[in-house]
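Data first, discussion second: the structure below is written as structure tokens.
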Amino acid sequence: MAASGFSIVLIIALLLGSVVFIGLGTLIYYLIYRHVINKRIERGDTSKKGMMSPVWMPVILVGLQFIFGNPLLAVILIPFLIFNESTEVEVHQSMEMLCISVEAMQEGHLSVYSIEENEGYIKQQSEGDGIRFTCFSAQEMGNSWQPHYLLYTELSENFPENAVYVIEGTFYENGEATGGVSWYPTKEEFPNCIISGMPDIEDMDCTYELEITCNVLDEKEEEKLGSFSETFTLSTCELE
């Protein structure tokens with residue numbers, strides 16, 4: 001199931017859960033109310049204060065749902081939706097860039113790709129200032145489910161624990177910038193990968209380039225502890 005479809009199912013399930021909560025809570029209170037009132041009638045006891053009418057219970061439960069349930073719903077859904085936004089790969093008629101850690105790529109269809117070798121891809125590598133880039137570009141640019149390119153970033157030097165990492169990528173088509181991405185990965189999210197899906201073959205040629213920069217800054221983002229930039233040619237293929 002696609003991430004968006006699963007999100008809709010999750011929202012519907014939670015809303016149905018709210019309806020069940022309100023309905024069940026009202027029923028339970030009604031049964032308690034009727035039991036207590038019947039006991040009082042049997043004893044002829046009229047001295048005690050009357051109980052709240054069951055008709056107010058749904059109103060109270062809706063209020064509790066609004067105060068407590070909706071924030072809980074947001075806490076559950078927001079991280080889930082953010083995660084899927086950051087990891088979903090558009091692989092049909094799209095050149096949008098995605099940033100993802102190699103660890104997160106170990107599950108799902110991205111698990112077939114490796115930072116070492118990928119069949120059907122041209123491998124390019126460059127290193128400097130404690131940062132290593134490894135770029136894989138597809139040899140054949142025909143219609144395919146596979147990504148157009150995979151650009152891995154690794155740290156080959158131990159930077160301070162509180163260092164700030166900034167990765168910026170710009171995609172060029174015929175010399176013109178057509179897309180870009182900026183990402184602040186944590187140290188634990190290295191190595192990581194920038195991925196793009198293939199566009200439609202009818203809209204393609206082979207003059208693509210990816211400019212990638214990784215800056216390592218101090219905790220206050222004032223001093224550069226490391227910086228490396230490289231431009232990769234993504235493919236020199238012949239269209240079929």
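No experiment lies behind these values; they were computed from the predicted model shown. Side chains are part of it too, since the values below use all heavy atoms of this structure and drop only hydrogens, waters and symmetry mates.
The minimum heavy-atom distance linking T233 with Q124 is given by the pair O-NE2, 2.6 Å. Counting all heavy atoms, side chain and backbone alike, P147 lies closest to A138 at O-CB, 4.1 Å.
Evaluation of the salt bridge (Lys or Arg N to Asp or Glu O under 4.0 Å) rule for K224 yields no partner, not counting sequence neighbours. Residues satisfying the side-chain contact (heavy atoms from CB on, under 4.5 Å) criterion with V181, sequence neighbours excluded, are M97, C99, I194. Taking the side-chain contact (heavy atoms from CB on, under 4.5 Å) definition, one finds that E176 meets it with nothing, sequence neighbours left out. Under the side-chain contact (heavy atoms from CB on, under 4.5 Å) criterion, N158 pairs with no residue, sequence neighbours left out.
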List the steps, then state whether side-chain contact (heavy atoms from CB on, under 4.5 Å) holds for Y152 with V102.
CA-CA 8 Å; Y152 293 91; V102 170; 3.8 Å; yes

Set out, in order, the CA-CA distance, both residues' side-chain angles and the distance that settles side-chain contact (heavy atoms from CB on, under 4.5 Å) for Y172 and E211, then state yes or no.
CA-CA 8 Å; Y172 293 91; E211 182 181 72; 3.6 Å; yes

How far apart are the C-alpha atoms of L210 and Y149, what are their side-chain angles, what is the distance that settles it, and do they pass the side-chain contact (heavy atoms from CB on, under 4.5 Å) test?
CA-CA 9 Å; L210 176 63; Y149 66 83; 3.5 Å; yes

With side-chain contact (heavy atoms from CB on, under 4.5 Å) as the test, would you mind laying out the steps for F228 and T213 before giving the verdict?
CA-CA 6 Å; F228 187 55; T213 300; over 6 Å; no

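At a cut-off of 3.5 Å, with distance as the only test, a side-chain donor of S126 or E230 sits close to an acceptor on the other residue. S156 and E127 share a side-chain donor-acceptor pair at under 3.5 Å. Checked by atom type, the side-chain pair N215/S227 shows a donor-acceptor distance below 3.5 Å.
When the shell of 6.0 Å around CD of E222 is examined, it contains more than 12 heavy atoms from other residues, nucleotides or ligands. Remark: E107 CD is loosely packed, at most 12 non-hydrogen atoms of other residues, nucleotides or ligands lying under 6.0 Å away.
Atoms CD1 and SG, from I115 and C193 in turn, are 8.0 Å apart once rounded to the nearest 0.5 Å. One finds the CG atom of L151 at 10.0 Å from the CD1 atom of I195 (value rounded to the nearest 0.5 Å).
Here Y184 sits in one hydrophobic cluster together with V164, V166, L217; the rule is ILVMFWY side chains under 4.5 Å apart, joined directly or through other members. Other members of the cluster containing L31 are L27, Y30, with ILVMFWY side chains joined at under 4.5 Å, either directly or via other members.
Here the options are T134, N192, I131, the test is side chain to side chain contact (heavy atoms under 4.5 Å, CB included), and the partner is E154; only T134 passes. Screening I167, T231, T170 for a side chain to side chain contact (heavy atoms under 4.5 Å, CB included) with I212, the sole residue that qualifies is I167.
Judged by distance alone, the side chain of D218 and the main-chain N or O of E221 form a donor-acceptor pair under 3.5 Å. K187 contributes no side-chain N or O that, together with a main-chain N or O of Y165, makes up a donor-acceptor pair within less than 3.5 Å. For the pair E168 (side chain) and C214 (backbone), a donor-acceptor distance under 3.5 Å is absent.
Side chains of E209 and F232 form no contact here, defined as non-hydrogen atoms less than 4.5 Å apart. In this structure, S196 and F171 have side chains that are not in contact, with every pair of non-hydrogen atoms separated by 4.5 Å or more.
Checked against the 6.0 Å centroid criterion, the rings of F136 and H148 do not qualify as a close aromatic pair.
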